[in-house]
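All values below were derived from every heavy atom in this structure, side-chain atoms included, with hydrogens, water molecules and symmetry-related copies excluded. Convention: sequence-line order gives letters A, B, ...; per-chain numbering from 1.
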Number of protein chains: 2
Amino acid sequence: MLSQSIEDYLKAIYEVESSEGKVSTSALSEKLGVSPASVTSMVKKLSERKLITHKRYQGVKLTPAGKKIALEIIRHHRLVELYLKEALGVPWDQVHQEAEKWEHVLSEDLEDRIDKFLGYPVTDPHGSPIPRRDGTMIVRQCNALVDVEPDTLVKVVEVSDHDPELLRYLGGIGLYPETEMTVVSKQPFKGPIIVELTGKEHPIGRNAAKYIMVEKARN
Amino acid sequence: MLSQSIEDYLKAIYEVESSEGKVSTSALSEKLGVSPASVTSMVKKLSERKLITHKRYQGVKLTPAGKKIALEIIRHHRLVELYLKEALGVPWDQVHQEAEKWEHVLSEDLEDRIDKFLGYPVTDPHGSPIPRRDGTMIVRQCNALVDVEPDTLVKVVEVSDHDPELLRYLGGIGLYPETEMTVVSKQPFKGPIIVELTGKEHPIGRNAAKYIMVEKARN
DNA sequence: AAATTATTTTAGCCTTGTCTAAATTTCTTT
DNA sequence: AAAGAAATTTAGACAAGGCTAAAATAATTT
Ligand SMILES: [Mn+2]
Ligand SMILES: [Mn+2]
Ligand SMILES: [Mn+2]
Ligand SMILES: [Mn+2]
């Protein structure tokens, strides 16, 4: 059995690797809320266990074995998020923190039961793809809302789950994965992006718009 | 936040206190699967935190604060057991081991949602009472099956959840909490106890019969 | 009552995962 | 190219929770 810490490190490494490409000690330190020195010592252990490769001062990379475990935990996390929302009505801004704990204690049997209950879902409540049992995961092509040109009809693909407050705001204006909306304008001086959905216009800060992934809608 | 270890110790102390009266180091060592020396050192810590009282060489006792926490964890455990059975169809011999992990990561919000989903249940799948939110718990009057005289009509109140194999056997013969059955005979030389339910007779070993609690049925 | 046995505690060690402070390496600027 | 800044690693410490072996205390026999 792997410790909760090791599982969290592998997950964090996977996520940083996906979004930044390179996985630095400081990025992990930041993401996991531990000191850089702690990261280095865990990195040593993970290397010894052949779950990651490490070039000193150069960052780390998951081995296939490490990636498999990372995806397993992410699968747990996302299935649990969706399950909590669907089965127990937990609001989408709260499922993440619950899943953060539950992901480490979910048995394979329970994982399968939840998967079946949900009808073998493909995405979690925030639109993130759920890794398959075999350790593969589809990756979709999409852009950050902040990069979209005005006057475009887009479909929301995925929203970051890390800021409950943002999620509550987005939920309030009806902005969920699969929602279609029009990017009306980008206000100057790093002002908000205005989107239109269900007939109303809503401002979305540039910073928030980095965490909303969309694709061009086929109109 | 209390560590999982501390929660498990408090729960174990509560359970030993209930069933044995006195809580010895060796009983806890046995129950928790750790060495007596480890128990002593944890006992020291729990005393310092005023969760138990300890007289050297004389055993321990929960303080009101410790008891409150123990019952809180037991509430989590039993709600989760019932939830897993009702909502996800986990067989009753497997719910215990799942709950053993989940009890430590259940938020109060989720606890309430599960409680509501289940319709504010009073007992878990094995017939054990579920402590209330306020930290109180009803205790029922009952006897071990092994102590019942032959030719008595009894109702099953509670079955120990610690041996999956026993639970599978009991499930197989339809012996669940609330089931009524007749104690037909006690075979000599510590032989099995024969019970009749749904028209058939079934043997139950003396040892197993210690873990099946019954009450006289009002016939 | 003494001797033996069983239980409990102490002493000392280990592993895991964290920290701070200091040293080292790499990156950036001049 | 050298200096200064930033990132990373090392060194050493600590808390939690476990272990074994030995010492202390309590319980049971003789
Ligand atoms: Mn999440
Ligand atoms: Mn986690
Ligand atoms: Mn437990
Ligand atoms: Mn609770």
| request: Measure the CG-OH distance between Asp93(A) and Tyr169(A) for me, rounded to the nearest 0.5 Å. | output: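 The distance works out to 15.0 Å.
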Donor-acceptor pair, distance only, cut-off 3.5 Å: does the side chain of [X] make one with the backbone of [Y]?
X	Y	result
Ser19(A)	Glu15(A)	yes
Thr63(B)	Leu51(B)	yes
Arg206(A)	Gln187(A)	yes

| Tell me, which pairs form a ring pair (Phe, Tyr, Trp, His ring centres under 6.0 Å) where one or both residues lie in residues 36-63 of chain A, sequence neighbours left out? |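 Residue pairs passing ring pair (Phe, Tyr, Trp, His ring centres under 6.0 Å), neighbours aside: none found.
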| query | Can you give the first and last nucleotides of DNA chain C, 5' to 3', that have an atom under 4.0 Å from a heavy atom of chain A? | reply |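 Result: dT16(C) to dT26(C).
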| remark: Quick tally for nucleotides 7-19 of chain D: nucleotides whose base has a protein heavy atom under 4.0 Å get B, sugar-phosphate-only ones S, the rest -, giving -BBB-----SSSB
| said: Taking the ring of Trp92(A) and the ring of His126(A), is the distance between their centroids below 6.0 Å? | reply: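 Close enough - the centres of the two rings lie under 6.0 Å apart.
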| field | Electrostatic pair Asp112(B):Arg133(B) at N-O distance under 4.0 angstrom | value |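 Salt bridge: yes.
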